[in-house]
Amino acid sequence: MERETQDDAEDKRDASLIDDQVAVSSMKNQRLAVVSAPLYLDAPFLRPVTSNDWLPPMIDSVTTRSGAGPSSARKPRVRFAPSPTGFLHVGSARTFIFNWLYARHNGGTMVLRIDDTDVERNTEASLSSIFEGLRWLGLSWDEEYKQSERLAIHRQIADAIFQKGLAYRDFTPAHAGDTEKSGGQGTWLFNPGMRELSRAESDRRAAAGEPFALRFRVPRETEPQIRFVDSVYGEQSKSTADIEDFALLRSDRMPTYHLASCADDADLGMDHIIRGQDHLSNTFKHILIFEAAGVTPPEFAHLPLLVAPDGTKLSKRRHGPVVSVTTYRDAGFLPEAFVNFLCLLGWSPKDNREKMSRQELIDAFSLQGINRANAVVNFKEPAATPEETFDPKAIWLNAEHIRALSVDDLADRLMPIVREAGFTVGRCKMLQITKLIQERIKLLSDVLTGADFFFVDQLPPYDNAELVPQKGDVAMAEKVLKKAREVLARTDFKHDALDQALRAAAQELGLKAGQMFQPIRVAVCGRKNAPPLFETLEVLGRDTTLQRIEHAIQKLQ
RNA sequence: GUCCCCGUCGUCUAGCCCGGCCUAGGACAUCGCCCUUUCACGGCGGUAACACGGGUUCAAAUCCCGUCGGGGACGCCA
């Protein structure tokens, strides 16, 4: 009882979260407008642009939010920052979820930031896939930004770093996508001649219009080790001798990921960066950027990677649609079950709980519960049925969540699937059917294979042999069906009455109950495995039942 | 190649920080039994792991070193 109440409360909560999300989306433009308005013109490192400056003349009206940088620890601000270069990936979804859990657990703010500075690779389709996936998960965010609308901030910070002498122009022509850089003799650190170029010479070439990238001047003498404490991986350090002079701005003046990400994290006041472990070694660069910009770096928490059964990072190219969030939706997963599953990959509540509601996850979540070893998503590469494709634990959890739903709720979720498959059912009948299949389906879409005989007029063809009961023959099947036809014509179609009448009939024929029920079950369901017989007959009704029994008798003759 | 990270049942994990309660616990999957009109649910039980080698210690899954194995990062991608 208590559990049900809890779940109901949870459902309401989820619904309101979704509403929030819609509200946020609709005020998106407003927010963005506010952010890029010319407010704090006296920001400390904003400076007038001169004609021979290397910066484009569009930064004049930009700002950094005052008080940027980590704010009080009480209401943490966290973000999820996908780049719209592909569909929403399960690994990204988990990153979103962990950020969301952290924010909700601590009463903080969840920011969604679209990292779209790579104009070449961005696609509309990808952007909508991300929103579609997040909408399905039913998790909300509180603020939303687009990096491409914040370029001025990125350039401004790049400029500040440059003015401090912590970055330099690199006039080396861009590499044309070759890969011979790695595998050579050790780490590449910088292009010869560029790091040492005098300011005057650099200014001259820039003024002459020569294209260049802006590189960070990694301080190798003064700061030989970069250190930070990761909330998951603990103390980390790396020698600056192993960090190359990475780019801040490309020669087309677009910021690189490192710059844009850090500039926005600083400007948006992010407190805790929770992201995939593939960024762990990038973090040293990020710390360099924050410090060069005069900002205290945020906290970092890196998440173990989600890997395929072959041990490699999940990728669509290699592993196919199982890495896309919408695949799970389309296969009939409940979003709450999917979220639950993802949470258990690399995190544990430490008390052996597995099936958890959203609220339970929020309550139990902490960064201390995150593991360090990569987690395998145990899917099968190519498979015939969804059940064989997906991680068995995900399927099991989904079944658990399905069973935990109220009949009403489950019926509501099943209805659209049934309708979309072209069947028409009334809500009342759907409710009856739902009761019968709730503990028998593992995916929502199983309703189509497990309850099809309730929806169709004509049963699909089945093998006559199925009608033959255990330790019986065709004659017995026929005898049973004829008896059933007779009995069912005059029995009340209610569970108890059917139970009594059919058992009595079995006795009359000198058969075991099972031998009596089997042919009837197959005749009305078209297969052996089905929900309990009497309830099924009750839902099907007398007309359909008799008609199908008649059909079976004819088949046998 | 260089740097970083990781290594408990097939898979997800508890235990590791603060050595003894660990003859290593739970879950999924798998196998068997029970319940039962089939299926499912449920119940009970089985198989199954501390990567390896050295230390330290009365005592190590837990601490130290090494080896091996796996992953990630090294772009004017993110």
Side-chain angles (χ1 to χ4, degrees), chain A residues 81-86 115-118 120-121 170 172-175 177-179 181-188 211-215 230 233-234 236-239 241-244 246-258 260-261 276-285 302 304-305 307 309 311-313 341 344-355 371-378 391-397 399 403 436-442 450 469-470 499 502-503 506 512-518 520-522 525 527-534:
Chain A
S83 62
T85 54
D115 280 10
D116 57 350
T117 53
D118 187 355
E120 299 285 300
R121 302 201 307 157
D170 182 348
T172 310
H175 274 236
D178 51 70
T179 53
K181 187 175 285 177
S182 54
Q185 40 289 337
T187 311
W188 169 89
F212 60 86
L214 186 73
R215 287 189 183 279
D230 188 89
Y233 287 91
Q236 302 295 316
S237 76
K238 186 165 188 165
S239 166
D242 293 317
I243 303 173
E244 77 282 5
F246 54 94
L248 258 20
L249 288 177
R250 309 179 211 169
S251 48
D252 63 1
R253 293 184 168 140
M254 286 296 281
T256 62
Y257 159 74
H258 299 300
S261 177
Q277 194 238 44
D278 44 354
H279 284 299
L280 191 55
S281 41
N282 284 153
T283 306
F284 300 100
K285 294 175 189 168
H302 287 87
L305 260 23
V307 298
T312 59
K313 207 171 150 184
F341 170 67
L344 261 20
L345 255 21
W347 173 83
S348 151
K350 312 281 187 200
D351 58 9
N352 284 343
R353 275 185 295 171
E354 307 250 309
K355 191 238 147 194
N371 303 126
R372 286 174 288 277
N374 290 169
V376 173
V377 181
N378 198 13
D391 189 315
K393 196 148 195 170
I395 302 251
W396 169 75
L397 266 174
R403 280 178 228 126
L436 295 184
I437 61 171
Q438 180 159 30
E439 64 183 27
R440 276 166 249 272
I441 59 175
K442 293 185 157 87
Q470 279 287 302
D499 188 333
L502 257 15
R503 278 181 202 281
K512 287 187 183 164
Q515 290 177 306
M516 179 80 198
F517 301 158
Q518 160 111 327
I520 304 175
R521 177 179 297 113
V522 174
C525 301
R527 75 174 93 96
K528 285 177 179 170
N529 299 347
L533 186 59
F534 312 131

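Everything numeric here is computed off the predicted structure, so don't read it as measured data. The analysis underlying the following values was restricted to heavy atoms, covering all of them including side chains, and did not include hydrogens, waters or symmetry mates.
Side-chain contact between A:Phe534 and A:Leu502 is present, with heavy atoms from C-beta onward closer than 4.5 Å. Residues A:Trp347 and A:Pro304 are not in side-chain contact: their nearest non-hydrogen atoms beyond the backbone lie 4.5 Å or more apart. Considering only heavy atoms from C-beta on, A:Asp230 stays 4.5 Å or farther from A:Thr283 through its side chain. The side-chain heavy atoms of A:Phe341 and A:Trp396, taken from C-beta on, include no pair separated by under 4.5 Å.
Nucleic acid contact for A:Asn282: base, since at least one base atom lies under 4.0 Å from a heavy atom of the residue. Residue contacts shown for A:Phe534 include a base, since a base heavy atom lies under 4.0 Å away. Using a 4.0 Å heavy-atom criterion, one finds that A:Pro82 contacts no nucleic acid atom at all.
Residue A:Lys313 places at least one side-chain N or O under 4.0 Å from the OP1 or OP2 atom of B:A73. Distances shown here put a side-chain N or O of A:Arg503 below 4.0 Å from the OP1 or OP2 atom of B:U37. In terms of phosphate contacts, A:Arg215 brings a side-chain nitrogen or oxygen within less than 4.0 Å of OP1 or OP2 of B:C76. Contact annotation: A:Lys350 reaches the phosphate of B:G15 (side-chain N/O to OP1 or OP2, under 4.0 Å).
For the pair A:Pro532 and A:Asp170, both in contact range of RNA chain B, the more 5′-proximal nearest nucleotide belongs to A:Pro532. Nearer to the 5' terminus of RNA chain B, by closest-nucleotide assignment, is the contact made by A:Gln277 (compared with the other of A:Thr85 and A:Gln277).
At whole-Å resolution of the value, CG in A:Asn374 and P in B:G70 are 14 Å apart. Note: CG (A:Asp278) to P (B:A73) measures 6 Å, nearest angstrom. A straight line from CG of A:Asp230 to C1' of B:C4 spans 12 Å, rounded to a whole angstrom. As rounded to whole Å, 8 Å separates atom C1' of B:C12 from atom CZ of A:Phe341. Rounded to whole angstrom, the span from the CG atom of A:Asn371 across to the P atom of B:C17 amounts to 16 Å. Spacing between atom CD of A:Glu439 and atom P of B:A40 amounts to 11 Å, rounded to whole angstrom units. Rounded to whole Å, atom P of B:G75 lies 7 Å from atom NZ of A:Lys285. Nucleotide B:C28 holds its P atom 11 Å from the CG atom of A:Asn352, rounded to whole Å.
In the interface, the side chain of A:Arg372 is not paired with the base of B:C6 through any donor and acceptor atom under 3.5 Å apart. The base of B:G26 sits within donor-acceptor range of the side chain of A:Glu354, with an N or O pair under 3.5 Å. Between the side chain of A:Ser281 and the base of B:C4, no donor-acceptor pair under 3.5 Å is found.
The side chain of A:Tyr233 lies closest to B:C6, out of B:C6, B:C12, B:G72. Comparing B:C41, B:G26, B:C39 by their closest approach to the side chain of A:Arg440 singles out B:C39. Of the candidate nucleotides B:U37, B:C76, B:C6, B:C76 has the atom lying nearest to any side-chain atom of A:Ala247. Distances were taken from every side-chain heavy atom of A:Lys238 (C-beta onward) to each of B:C76, B:G71, B:C3; the shortest belongs to B:C3. When distances are taken from the side chain of A:Ser348 to each of B:A27, B:G71, B:U13, the shortest belongs to B:U13. Nearest nucleotide to the A:Leu533 side chain, out of B:U37, B:A29, B:G72: B:U37. Out of B:A40, B:C6, B:C12, the shortest distance to the side chain of A:Lys393 is found at B:C12. Of the candidates B:G72, B:C28, B:U11, B:U11 carries the atom nearest the A:Asn378 side chain, counting heavy atoms from C-beta on. Of all nucleotides listed (B:G26, B:C5, B:U38), B:C5 comes nearest to the side chain of A:Gln236. The side chain of A:Glu244 lies closest to B:G75 when the candidates are B:G75, B:C77, B:C4.
Atom C1' of B:U8 sits at a distance of 12 Å from the matching atom of B:A48, rounded to the whole Å. For the P atoms, the distance linking B:U67 with B:G25 amounts to 33 Å, nearest Å. When the C1' atom is compared between B:A29 and B:U47, the two are found 12 Å apart, to the nearest whole Å. Rounded to a whole angstrom, the distance from the C1' atom of B:U23 to that of B:G43 is 27 Å. If you take atom P in B:C3 and the same atom in B:C22, they sit 42 Å apart, rounded to whole Å. Rounded to whole Å, the P atom of B:G7 lies 14 Å from the corresponding atom of B:C16. Of the P atoms belonging to B:C33 and B:G72, the separation is 44 Å, rounded to the nearest Å. Nucleotides B:G71 and B:U11 are separated by 14 Å at their P atoms, to the nearest Å.
The pair A:Glu244-A:Lys285 meets the salt-bridge criterion, with a side-chain N (NZ, NE, NH1 or NH2) lying under 4.0 Å from an Asp/Glu carboxylate O. With respect to A:Lys393 and A:Asp391, no salt bridge is recorded, no charged nitrogen being found less than 4.0 Å from a carboxylate O.
In a base pair of the Watson-Crick type (N1 to N3 plus N6-O4 or O6-N4) or a G-U wobble (N1-O2 and O6-N3), with each distance short of 3.5 Å, B:C63 is matched with B:G55. Pair assignment for B:C3 gives B:G72, based on Watson-Crick or G-U wobble hydrogen-bonding distances that are each under 3.5 Å.
Taking NE2 of A:His302 as the reference point, atom CG of A:Asp278 lies at 8.0 Å (rounded to 0.5 Å).
Counting all heavy atoms, side chain and backbone alike, A:Pro309 lies closest to A:Val376 at CA-CG1, 3.7 Å.
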